[in-house]
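For reference, the structure discussed in these notes is given below.
Just so you know, ligand 1 is whichever comes first in the structure, and atom 1 is the first atom listed for that ligand.
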Amino acid sequence: MLHESHLSFFRQLLGDAYVLTSPNDLEAYGRDWTRVHTPNPSVAVLPASTADVAAIVKYCNRENLAIVPSGGRTGLAAGAVATNGEVVLSLTRMSKIESVDTIGMTMRVEAGVTTQQAQEAAKEVGLFFPLDLAAKGSCHIGGNIATNAGGVKFIRFGGMREQVLGLEVVLPDGEILDLNSGLRKNNTGYDLRQLFIGSEGTLGIVTRATIRLTAPPRNVQVSVMAVREFADIPKILGVCNRASVQLTAFEFFTREAHEIVLQHALGARSPFAEMSPFYVLLEAEEGPNGAQVMEPLLEEIFGDELITDAVIASSSAQAKELWGLRENITESIAKHGHVRKNDISLAINQLTDFIADLEPIVHAAPKDMQLVIFGHLGDGNLHINYVGPKTQDFAAFQTRARVVELQIFELLGRYKGSISAEHGIGLLKTKDLHFSRSPAEIELMRKIKGLLDPKGLFNPGKIFPG
Ligand code: FAD
Ligand code: 2HG
Ligand code: ZN
């Protein structure tokens, strides 16, 4: 329970302007993108340095105050949500790009730097930061690390885990750890850095990171293809792999997703005269000396009768427009109706069988509930969104969607798939952790949590079932 004396401590440390208690601020800082839970933090504090974070954490530990670490609040698993009078610790003021090493190809940033800022800073020196997602303008590097974000370039560069060379974290007792110092090679016992990546703010607060940059990819070519049968999509991926094309994205969406984008995203146009059940968005690097890769690739895919139509972007404006058809899905669905989200993954060679097994579940779902499917198919990652009319009561919609979701998770369990490929568990999926993790794994994870955070003050209620 927060007292006036606690607020005085925070105000003395940070200044009045950075200790937020107004209802508007508490509502904004108490929620993420999910909008499922009612936000109810006691205060939001905005430290300016690692020393501030450590001082706040030490104090909260002594006073038994729970902390919710908070980044750009774009999370889709309710990981940054505070429902129970917690202290929200926002990294938003820690937004400096501290250094860029153009020879070692690394960048040292504070945790509150947005993904887009990191991308732009890399571009300024002729390099490339590869994590890319539609929320890049708002989400933080710290949040990307805490969620181990995936994004649309995973197929080429991996997720956030692959980009972190060094990590500074503040532990629940206030100790500051500097992990791996930006080294590329380091085999000296357990790699503790990896423990914090994807830990959703339950083990430590990320305050700084050294991230990996790459040489910029060659110019990319973008194509959207219309596909009649889902089973043909993994086959298209196979053709790309055998052609030794350097893919930078392999995304897919269904007709339902496409129609919703056309309805809600400003200026969206379908590239084709007729609708198709499925679409693939392919992005690939051009060949050496600017050689066309997309045309010969599409010829082969057409020759194999895997697609019914295709368009290749002839300008960067058109490439952006095609990408908009994929990247605007989340925002468009949110405008369209009530939403419940799944973020599942399977081995790529099982996708076709899984989708066939999914069919009867989709058909048996309530008629006013659409199952809108899209995602990073090249990574085996499908986003299933349950979408219902906004005229319906939100809680009732969630209950009905949950019935369908459980059937899908049962099916997924049979395929040994994951109930969260990239968004995390947060508050939303704690009850479903067992579908993807064995009791022994969950027990071991709990022991690690207990060791680092014996009082359970870092992001309580997240990841583990209560
Ligand atoms: P928040 O939402 O603020 O927090 C997320 C979690 O991290 C919480 O548990 C929080 O406690 C913890 N956390 C935040 N900062 C820290 C810190 N410094 N130290 C410790 N813990 C911290 N995700 C993908 O993986 N791939 C996508 O393609 C993708 N696309 C998206 C598109 C849209 C339109 C939206 C709205 C979201 C998308 N996301 C995607 C989800 C989201 O953007 C990512 O999960 C992102 O990494 C969250 O970063 P954030 O800074 O917003 O974190
Ligand atoms: C994406 O890939 C994001 O666009 C969001 O991960 C997915 O809205 C979703 O379900
Ligand atoms: Zn995604």
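Close N/O approach between Thr330 and ligand 1 is not found [any backbone or side-chain N/O within under 3.5 Å]. Checked by distance only, ligand 1 and Ser138 stay at 3.5 Å or farther apart across all their nitrogen or oxygen atoms. Close N/O approach between Gly72 and ligand 1 is found [any backbone or side-chain N/O within under 3.5 Å]. Considering both main-chain and side-chain atoms, Ala111 never comes within under 3.5 Å of ligand 1 through any nitrogen or oxygen pair. Polar contact check, Gly151 against ligand 1: a nitrogen or oxygen pair lies under 3.5 Å apart. At a 3.5 angstrom cut-off on N or O pairs, His140 counts as close to ligand 1. Here's the thing with Gly150: one of its N/O atoms is less than 3.5 angstrom from an N/O atom of ligand 1. Between Asp132 and ligand 1, no pair of N/O atoms sits closer than 3.5 Å. The shortest N/O to N/O separation between Val68 and ligand 1 does not fall below 3.5 Å. Looking at Trp33 next to ligand 1, no N or O pair under 3.5 Å apart turns up.
For atom 49 (O) of ligand 1, the nearest non-hydrogen atom of the protein is Cys139 CB, 3.4 Å. Looking from atom 13 (N) of ligand 1 to the surrounding protein, the closest heavy atom is Ala146 CB, 3.5 Å. The closest protein non-hydrogen atom to atom 4 (O) of ligand 2 is Arg326 NH1, 3.1 Å. Annotation: atom 40 (C) of ligand 1 to nearest protein heavy atom, Leu133 CD1, 3.5 Å. Distance from atom 10 (C) of ligand 1 to its nearest protein heavy atom, with residue and atom name: Pro69 O, 3.1 Å. Atom 10 (O) of ligand 2 has Asn385 ND2, 2.9 Å as its closest protein atom, hydrogens excluded (heavy atom only). Of the protein's non-hydrogen atoms, the one nearest atom 5 (C) of ligand 2 is Thr330 OG1, 3.2 Å. Atom 19 (N) of ligand 1 has as its closest protein heavy atom Val206 N, 2.8 Å. Of the protein's non-hydrogen atoms, Ala80 CB, 3.6 Å is the one closest to atom 4 (O) of ligand 1. In terms of protein heavy-atom proximity, atom 41 (C) of ligand 1 is nearest to Thr74 O, 3.7 Å. Counting only heavy atoms of the protein, atom 8 (C) of ligand 1 lies nearest to Gly79 C, 3.3 Å.
Atoms of ligand 2 found under 4.0 Å from any heavy atom of His376, numbered from 1 in the order shown, are 2 (O). Residue Leu76 approaches ligand 2 through these ligand atoms, each under 4.0 Å from one of its heavy atoms: 5 (C). Contact atoms of ligand 1 toward Asn459: 9 (O), 11 (O) (distance under 4.0 Å to a heavy atom of the residue). Numbered from 1 in the order shown, with element, the atoms of ligand 1 that lie under 4.0 Å from a heavy atom of Glu200 read 9 (O), 11 (O). Listed by number with element, the atoms of ligand 2 under 4.0 angstrom from any heavy atom of His383 are 1 (C), 2 (O), 3 (C), 6 (O), 7 (C), 10 (O). Within the listing of ligand 1, atoms 18 (N) sit less than 4.0 angstrom from a heavy atom of Leu91. Residue Glu422 has at least one heavy-atom neighbour below 4.0 Å for each of these atoms of ligand 2: 2 (O), 6 (O). Distances below 4.0 Å separate heavy atoms of Leu76 from the following atoms of ligand 1: 37 (C), 38 (C), 39 (N), 41 (C). Contact atoms of ligand 1 toward Ala149: 25 (O), 47 (O) (distance under 4.0 Å to a heavy atom of the residue). Which parts of ligand 1 touch Gly204 is read off a 4.0 Å heavy-atom cut-off, strictly below it: atoms 20 (C). Residue Gly75 approaches ligand 1 through these ligand atoms, each under 4.0 Å from one of its heavy atoms: 2 (O), 52 (O). Heavy-atom contacts of Gly143 reach the following atoms of ligand 1: 14 (C), 15 (N), 47 (O), 49 (O), 50 (P), 51 (O), 53 (O) (cutoff under 4.0 Å).
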Determine whether Glu283 and Arg156 satisfy the following criterion, salt bridge (Lys or Arg N to Asp or Glu O under 4.0 Å), listing intermediate values before the conclusion.
CA-CA 10 Å; Glu283 191 187 81; Arg156 167 80 159 88; over 6 Å; no

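The nearest non-hydrogen atom to atom 6 (O) of ligand 2, considering only His423, Glu251, Arg340, Glu331, comes from His423. When Leu167, Thr115, Thr147, Leu89 are checked for heavy-atom proximity to atom 45 (O) of ligand 1, Thr147 turns out nearest. Within the set Gly201, Ala209, Gly142, the minimum heavy-atom distance to atom 16 (C) of ligand 1 is found for Gly142. Taking each of Ala135, Gly159, Ala421 in turn, the one with a heavy atom nearest to atom 33 (C) of ligand 1 proves to be Ala135.
Defined by atom type and a distance below 3.5 Å, a donor-acceptor pair is present between the side-chain atoms of Thr34 and Asp32.
Residue contacts with ligand 1 include His376, since one of its heavy atoms falls under 4.0 Å from the ligand. Taking a 4.0 Å cut-off on heavy atoms, Arg73 registers as neighbouring ligand 1. Residue contacts with ligand 1 do not include Val152, since none of its heavy atoms lies under 4.0 Å from the ligand. Residue contacts with ligand 1 leave out Lys462, since none of its heavy atoms falls under 4.0 Å from the ligand.
Rounding to the nearest 0.5 Å places CD of Gln246 at 5.0 Å from CD of Glu285. Separation of atoms CZ (Arg73) and OH (Tyr29) is listed at 5.5 Å; rounding is to 0.5 Å. Interatomic distance, Ser418 OG to Arg437 CZ, rounded to the nearest 0.5 Å: 7.5 Å. In this structure, the separation between OG on Ser420 and CG on Asp432 is 10.5 Å, given to the nearest 0.5 Å. Annotation: the span from Trp33 atom CH2 to Thr330 atom OG1 amounts to 6.0 Å, rounded to 0.5 Å. Atom CG of Asp173 is separated from atom SG of Cys60 by 13.0 Å, given to the nearest 0.5 angstrom.
Leu76 places none of its side-chain heavy atoms less than 4.5 Å from the side chain of Asp343. Side-chain contact between Arg446 and Pro465: present, with at least one pair of heavy atoms (C-beta onward) separated by less than 4.5 Å.
Comment: Arg269 engages Glu321 in a salt bridge, judged by a side-chain N to carboxylate O separation of less than 4.0 angstrom. The residues Arg326 and Glu251 are annotated as salt-bridged, a charged nitrogen and a carboxylate oxygen being separated by less than 4.0 angstrom. Electrostatic pairing of Lys123 and Glu120 does not count as a salt bridge here, judged by no charged N lying under 4.0 Å from a carboxylate O. In summary, Arg255 and Glu259 engage in a salt bridge, as defined by a charged side-chain N under 4.0 Å from a carboxylate O.
Taking the ring centroids of Phe397 and Tyr386, they lie at or beyond the 6.0 Å cut-off.
At a cut-off of 2.8 Å, measuring from the Zn ion (ligand 3), the protein N, O or S atoms that fall short of it are His376 NE2, His383 NE2, Glu422 OE2, waters left aside.
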